[in-house]
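Note that this is a predicted model, so its numbers are computed, not measured.
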Amino acid sequence: MGNSALRAHVETAQKTGVFQLKDRGLTEFPSELQKLTSNLRTIDLSNNKIESLPPMIIGKFTLLKSLSLNNNKLTVLPDELCNLKKLETLSLNNNHLRELPSTFGQLSALKTLSLSGNQLRALPPQLCSLRHLDVLDLSKNQIRSIPDAVGELQVIELNLNQNQISQISVKISCCPRLKVLRLEENCLELSMLPQSILSDSQICLLAVEGNLFEIKKLRELEGYDKVCISIILHFQSLQRKER
C-alpha cells in the first residue's frame with residue numbers, strides 16, 4: 001500500500017475517529033496511527049498479516065472503544081493493550097493466540113470479546129475479572145475442560161462451540177447472568193453435562209448438538225422442560241439459516 005493512500009486514510013480518521021484498513025496485506029501495525037492516539041474511537045485492521053502490536057503505541061489510544069484485528073497472525077498480546085480503559089469491543093478471531101496477558105482483567109469497560117479460531121487450551125482466568133463483559137466467544141479453540149473459576153464469569157452469552165471439551169465444572173450453573181450457553185461440537189458425554197445447568201442455573205438457551213450423546217437423551221434429565229423450548233427454537237433458527 002502506498003504512503004499517499006495511507007496518509008489519506010489517516011487524514012480521514014483524524015476527522016471521523018474511525019480508522020479502517022482491511023484486506024491490505026499489512027504486516028505491521030501502522031506507525032502513522034500514533035498521531036491519532038487521542039482521536040480514534042474505532043480501529044479495524046482485520047484481514048491483514050500483522051504479527052504483533054507495538055507496545056509503545058497500542059496502549060495510548062485513550063478514547064478507543066472498538067478494536068478489530070480478526071484474521072491476522074498475532075501470537076501474543078502486549079501488556080500495554082490492557083491500558084485501553086474505554087475499550088468495549090475487542091475482536092481477535094482467527095489469530096494464533098495461546099494465552100492472554102496477565103493484566104487482561106484491567107480492560108474494565110469490555111463488553112464483547114471475540115477470540116474464536118485461536119489456540120487457547122484453557123479458559124483464561126483473567127476473564128473472570130471483567131465485570132461488564134456481556135458476550136464471550138471462545139469457539140474454535142483447543143479448550144478441553146471448564147474449571148471452577150467459570151462460576152465467576154459475568155457474561156450473558158458464552159460460546160464454546162467447536163472445542164475439545166469433555167469436562168465442565170458444576171460451577172457454571174453459578175454464573176449470575178448467563179442466559180445463553182453454546183457447547184456444540186465438543187467431546188461431551190451426557191454424564192459430563194452438569195444437571196444443575198437445567199435445574200439450578202439462569203441458562204435459558206443451551207446448544208449442545210454435535211457431542212457424544214443424542215439430544216433426545218436430555219429428556220431424561222431433571223429440568224429438561226425448562227430448556228426444551230429453547231432447544232426447539234435453536235433448531236428452528238438453524239433451519240431458517242439453511243433456507
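From H96, atom NE2 reaches atom CD of Q119 across 6.5 Å, with rounding to the nearest 0.5 Å. We find the CG-CZ distance between L21 and F29 to be 11.0 Å, quoted to the nearest 0.5 Å. The CG atom of L183 lies 7.0 Å from the CG atom of N161; values are rounded to the nearest 0.5 Å. L69 contributes atom CG, which lies 12.5 Å from atom CG of N94 (distance to the nearest 0.5 angstrom). Between the CG atom of L26 and the CG atom of L6 there is a distance of 7.5 Å, given to the nearest 0.5 Å. Between the CD1 atom in I143 and the OG atom in S166 there is a gap of 12.0 Å [rounded to 0.5 Å].
At a threshold of 4.5 Å between non-hydrogen side-chain atoms, the residues N159 and V180 do not count as touching. Residues E209 and I215 are in side-chain contact: their nearest non-hydrogen atoms beyond the backbone lie under 4.5 Å apart. L110 has its side chain within reach of F104: a pair of non-hydrogen atoms, C-beta onward, lies under 4.5 Å apart. Q154 is not listed as a side-chain neighbour of H132, based on a closest heavy-atom distance of 4.5 Å or more.
Evaluation of the side-chain hydrogen bond (donor to acceptor under 3.5 Å, both in side chains) test over residues 139-148, restricted to residues two or more places apart or in two chains, returns S116-S139, R121-Q142, D137-S139, R144-Q164, D148-S169. Sorted pairs that involve residues 49-62 and meet salt bridge (charged side-chain N to carboxylate O under 4.0 Å, His left out), not counting sequence neighbours, are lacking altogether.
Hydrophobic clustering (side-chain heavy atoms under 4.5 Å, transitive across Ile, Leu, Val, Met, Phe, Trp, Tyr) keeps V135 apart from I146. I57 and L67 end up in the same hydrophobic cluster when Ile, Leu, Val, Met, Phe, Trp and Tyr side chains are linked at under 4.5 Å. Grouping the Ile, Leu, Val, Met, Phe, Trp and Tyr side chains by contacts below 4.5 angstrom, directly or via other members, places V76 apart from L45.
Under the rule for a side chain to side chain donor-acceptor pair (under 3.5 Å), the partners of D44 that lie at least two apart in sequence or sit in another chain are S46. Remark: E157 engages R182 in a salt bridge (charged side-chain N to carboxylate O under 4.0 Å, His left out) (not counting sequence neighbours). Here S173 pairs with S196 under the side chain to side chain donor-acceptor pair (under 3.5 Å) rule; sequence neighbours left out. Remark: E185 engages Q162 in a side-chain contact (heavy atoms from CB on, under 4.5 Å) (not counting sequence neighbours). Scanning for salt bridge (charged side-chain N to carboxylate O under 4.0 Å, His left out) contacts around D134 gives R177, with sequence neighbours left out. The side-chain contact (heavy atoms from CB on, under 4.5 Å) search around Q14 returns L36, N39, not counting sequence neighbours. Listed by chain and number, the residues in a side-chain contact (heavy atoms from CB on, under 4.5 Å) with E11 amount to none (sequence neighbours excluded). Partners of N211 according to the side-chain contact (heavy atoms from CB on, under 4.5 Å) rule, which considers only residues two or more places apart in sequence or in another chain, are N186, L188, V208, F213. By the salt bridge (charged side-chain N to carboxylate O under 4.0 Å, His left out) test, K15 pairs with no residue at all, sequence neighbours left out.
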Identify all side-chain donor-acceptor contacts of residues 77-86 below 3.5 Å with residues at least two apart in sequence or on another chain.
residue: N83; atom: ND2; partner: E80; partner atom: O; Å: 3.4
residue: K85; atom: NZ; partner: Q106; partner atom: O; Å: 3.4

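N163 contributes no side-chain N or O that, together with a main-chain N or O of L120, makes up a donor-acceptor pair within less than 3.5 Å. Side chain of Q126 to main chain of L100: a donor-acceptor pair is present (N/O by atom type, distance under 3.5 Å, no hydrogens or angles). For the pair S68 (side chain) and N70 (backbone), a donor-acceptor distance under 3.5 Å is absent. Using modelled atom types, no side-chain atom of N118 and backbone atom of L74 make a donor-acceptor pair closer than 3.5 Å.
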**OP:** Using the side-chain contact (heavy atoms from CB on, under 4.5 Å) rule, take L206 and L198 through it: C-alpha gap first, then chi angles, then the decisive distance, then the call.
**Re:** CA-CA 9 Å; L206 176 64; L198 303 180; 3.9 Å; yes
**OP:** Begin from the C-alpha positions of L212 and E189 and carry the test side-chain contact (heavy atoms from CB on, under 4.5 Å) through to its verdict.
**Re:** CA-CA 5 Å; L212 305 180; E189 298 277 0; 3.9 Å; yes
**OP:** Start with the C-alpha distance between I168 and V150, add both sets of side-chain angles, then the distance that settles side-chain contact (heavy atoms from CB on, under 4.5 Å), and finish with yes or no.
**Re:** CA-CA 9 Å; I168 302 177; V150 70; 5.9 Å; no
Original post:
Going through the distances and angles, do N71 and N93 end up as a side-chain contact (heavy atoms from CB on, under 4.5 Å)?
Top reply: CA-CA 6 Å; N71 299 300; N93 298 326; 5.9 Å; no
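Here the options are I172, L153, I197, I156, the test is side chain to side chain contact (heavy atoms under 4.5 Å, CB included), and the partner is L178; only I172 passes.
Contact detail for N95 and K73: the closest heavy-atom pair is OD1-N, 3.3 Å. Residues L107 and L130 come closest through the heavy atom pair O-CD2, 3.2 Å. Scanning all heavy atoms of the two residues, the minimum distance from L190 to K217 falls at CD2-CB, 3.5 Å. The two atoms that bring N72 and I50 nearest to each other are OD1-N, 2.9 Å, heavy atoms only.
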